[in-house]
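Okay, structure first, notes after.
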Amino acid sequence: MARPLIQMALDSLDFNQTVALADQVAPYVDIFEIGTPCIKYNGINLVKELRQRFPDKLLLVDLKTMDAGEYEAGAFYAEGADIVTVLGVSGLATIAGVIKAAKKHGAETQIDLINVDDKAYIAKESVKLGAQIVGIHTGLDAQAAGQTPFSDLNDIARLGLNVRISVAGGIKQATVQQVVEAGANIIVVGAAIYGAPSPAEAAREIRELVDAAAV
Ligand SMILES: O=C(CO)[C@H](O)[C@H](O)COP(=O)(O)O
């Protein structure tokens with residue numbers, strides 16, 4: 001099995017705290033995600049800062065774009081984002097716009113299936129449009145209501161689409177093996193790392209668990 005990537009969700013609003021957390025966990029993760037609240041609060045300057053500090057990491061900007069796909073995403077690809085997210089609920093025209101912007105910059109697009117009713121349909125259409133990643137995502141509010149991403153992950157993985165699958169939504173040490181075995185290619189972790197007494201130690205544990213599960 002190809003080694004799944006670990007994506008660190010940087011969900012703080014504070015610019016300096018975000019950079020400091022990225023520094024701590026950098027040895028153990030593959031992708032830095034600038035989370036949606038974080039990018040809204042800090043804007044493009046944080047993309048520039050992380051791009052400059054971490055030239056060898058993949059940088060995902062979690063725009064969760066809902067409209068004006070090409071226009072909105074283009075600016076972030078231009079500053080070095082490797083991946084930008086667009087909402088599956090936005091519709092195929094917006095998804096196509098973000099994919100067009102990504103292609104212009106040799107980058108990738110992730111379709112976030114959060115709150116999509118027919119996830120299989122949007123995933124299939126997104127692949128036809130050229131998306132490289134679909135995201136199974138139980139958001140923070142849905143997590144608080146007791147939901148998890150596991151059943152949706154199994155359903156989308158079973159389709160066998162030619163696309164990488166990202167999974168997000170409360171993933172922690174106890175559930176890493178399950179999502180790797182279900183077929184996730186990108187494991188997104190936020191609170192289980194940034195909420196730990198030692199984020200670096202938590203990230204190291206998750207790295208070990210992901211690598212062990214992928215053997
Ligand atoms: O995109 C997000 C919320 O919309 C989060 O970044 C994502 O859910 C990962 O964080 P956690 O592991 O804490 O769920």
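Order of appearance sets the numbers: ligands from 1, and atoms from 1 within every ligand. Please read these numbers as outputs of a predicted model, since none were measured by experiment.
Atoms of ligand 1 lying under 4.0 Å from any heavy atom of G169, numbered from 1 in the order shown and given with element: 14 (O). The ligand atoms of ligand 1 that sit less than 4.0 angstrom from a heavy atom of K64 are 1 (O), 4 (O).
Residue contacts with ligand 1, taken as heavy atom pairs separated by less than 4.0 Å, involve D62 solely via side-chain atoms from C-beta onward. Residue-level proximity to ligand 1 for A191 is carried by backbone and side chain together, each with a heavy atom below 4.0 angstrom. Counting heavy atoms under 4.0 Å from ligand 1, residue D11 touches it through the side chain alone.
A salt bridge links D82 and R51; the closest N-O separation between the charged side-chain nitrogens and carboxylate oxygens is under 4.0 Å. A salt bridge links R164 to E108: one of the charged nitrogens lies within less than 4.0 Å of a carboxylate oxygen. The existence of a salt bridge linking R207 and D30 is confirmed by a sub-4.0 Å separation between a basic side-chain nitrogen and an acidic carboxylate oxygen. D155 and K119 are not joined by a salt bridge, as no carboxylate oxygen comes within less than 4.0 angstrom of a charged side-chain nitrogen.
Regarding atom 12 (O) of ligand 1, its nearest protein heavy-atom neighbour is G190 N, 2.8 Å. Of all protein heavy atoms, the one lying nearest to atom 2 (C) of ligand 1 is H137 NE2, 3.4 Å.
Within the 4.5 Å cutoff, the side chain of E33 has heavy atoms near those of the D11 side chain. Contact check for L10 versus F32: side-chain heavy atoms found under the 4.5 Å cut-off.
Residue contacts with ligand 1: G170 is placed with a nitrogen or oxygen under 3.5 Å of a nitrogen or oxygen of the ligand (distance criterion only). For the pair T138 and ligand 1, the shortest N or O to N or O distance does not fall below 3.5 Å.
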